[in-house]
Amino acid sequence: SHAIRIDVLDMASQWMNECQVMERAAKIISDSIATGDETFRSLLFSLCPELSTKEASLSYEDGIRQSNEPRTITEIAHDYGLSAVRLNRILEGMDVQYRVYGTWRVRPTYDTAGYVVKESHGYGDQEGAYHEGYRLKWTQEGQLFIFRLLKALGFHPRAGGSNHGRI
C-alpha cells in the first residue's frame, strides 16, 4: 500500500496539466480492467472520485465502437438518464433534427453522413386502419456524434447505465 502510494505520487509529480492527468488515469484504469488488477483503479477513484465519470464515458464510447447495432433515441437517452423527449429536444435545439407531422427527421447534412437509418413499421389507428411509418435509428457513427454533442454540453452516460449489451 505504501509502495503504491509512492508510485502514484511519483507519477503525479510528472503530470503537468489536467489533460495529461486524465489521460494517464484513463490508461491506468483501462490497464487495470484488462488485467483484472483493481489496486490502482481503486486508489485512483479514492483520490479522484470524478474519474468514475471519465471511466463511464470511456467504456460507453468503446461500447459504441464495438457494435454496429443501430439504436433508437429512447435507448440512447436511457444511457444518460434522460427521456427520449428531452434528448430529442436537445438535438432539435442544436439543429440536428426537426419534427414534421409528429415524426422526427434529421437535417440533410446528418442524413447524408450516415448517422441514421430509417426502420419502417406498421401500425393501426383507432379506427382499425393500417398505416406505414418509420422510426429513426442511430448508426454507430450517429451514436458517436450524439455522444460528442452531449459530452460538449456536459452530459455523460451513467456508469453502468447502458442496457444494450455492448458494455
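We count residues from 1, following the sequence as given. Quick caveat, the model's predicted, so the values are computed rather than measured. FYI, side chains are in, hydrogens and waters are out, and symmetry mates aren't considered; it's all heavy atoms of this structure.
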>> Determine whether the aromatic ring centres of residues Tyr115 and Phe145 are separated by less than 6.0 angstrom.
In response: yes

> Going through the checks in order, is the side chain to side chain contact (heavy atoms under 4.5 Å, CB included) test met by Trp138 and Val106?
Replying inline: CA-CA 10 Å; Trp138 294 82; Val106 293; 3.7 Å; yes

> Looking at side-chain heavy atoms only, is the closest gap between Arg71 and Asp79 below 4.5 Å?
Replying inline: yes

>> I need the minimum non-hydrogen distance between Pro70 and Lys137, along with the two atoms involved.
In response: CB-CB, 3.7 Å

>> Within the structure provided, determine whether Leu144 and Arg65 are in side-chain contact (heavy-atom separation under 4.5 Å).
In response: yes

> Would you call Arg105-Asp111 a salt bridge at under 4.0 Å N-O?
Replying inline: no

> Atom CG in Asn68, atom OG1 in Thr139: separation rounded to 0.5 Å?
Replying inline: 9.0 Å

>> Side chains of Ile73 and Leu91, heavy atoms from C-beta outward: is any pair under 4.5 Å?
In response: yes

>> I'd like to know whether Thr74 forms a side chain to side chain contact (heavy atoms under 4.5 Å, CB included) with Leu87, so could you lay out the CA-CA distance, the side-chain angles of the two residues, the decisive distance to 0.1 Å, and finally the verdict.
In response: CA-CA 8 Å; Thr74 303; Leu87 183 50; over 6 Å; no

>> Please find the pair of heavy atoms, one from Trp104 and one from Gln97, that lie closest to each other, and give the distance.
In response: CE3-NE2, 3.5 Å

> Which pair of non-hydrogen atoms, one from Thr112 and one from Thr109, has the smallest distance, and what is that distance?
Replying inline: OG1-O, 3.2 Å

> Residues in side chain to side chain donor-acceptor pair (under 3.5 Å) with Arg148, at least two apart?
Replying inline: none

>> Working to the nearest 0.5 angstrom, can you tell me the gap between Arg86 CZ and Phe155 CZ?
In response: 4.5 Å

>> Under a 3.5 Å distance rule, please check whether Gln143 uses its side chain to pair with a backbone N or O of Glu69 as donor and acceptor.
In response: yes

>> Less than 4.5 Å apart, side chain to side chain, heavy atoms only: is that true for Leu153 and Met94?
In response: yes

> With the 4.5 Å side-chain cut-off for hydrophobic clustering, are Tyr98 and Val96 part of the same group?
Replying inline: no

> How many angstroms lie between atom OG1 of Thr103 and atom CG of Leu136, to the nearest 0.5 angstrom?
Replying inline: 8.5 Å

>> Contact between Val116 and Tyr110 at the side-chain level, heavy atoms closer than 4.5 Å - yes or no?
In response: no

>> On a heavy-atom basis, which atom in Tyr80 and which in Pro157 lie closest, and how many Å separate them?
In response: CE2-N, 3.3 Å

>> Looking at every heavy atom in both Glu127 and Asp125, which two are closest together, and how far apart are they?
In response: N-OD1, 2.9 Å

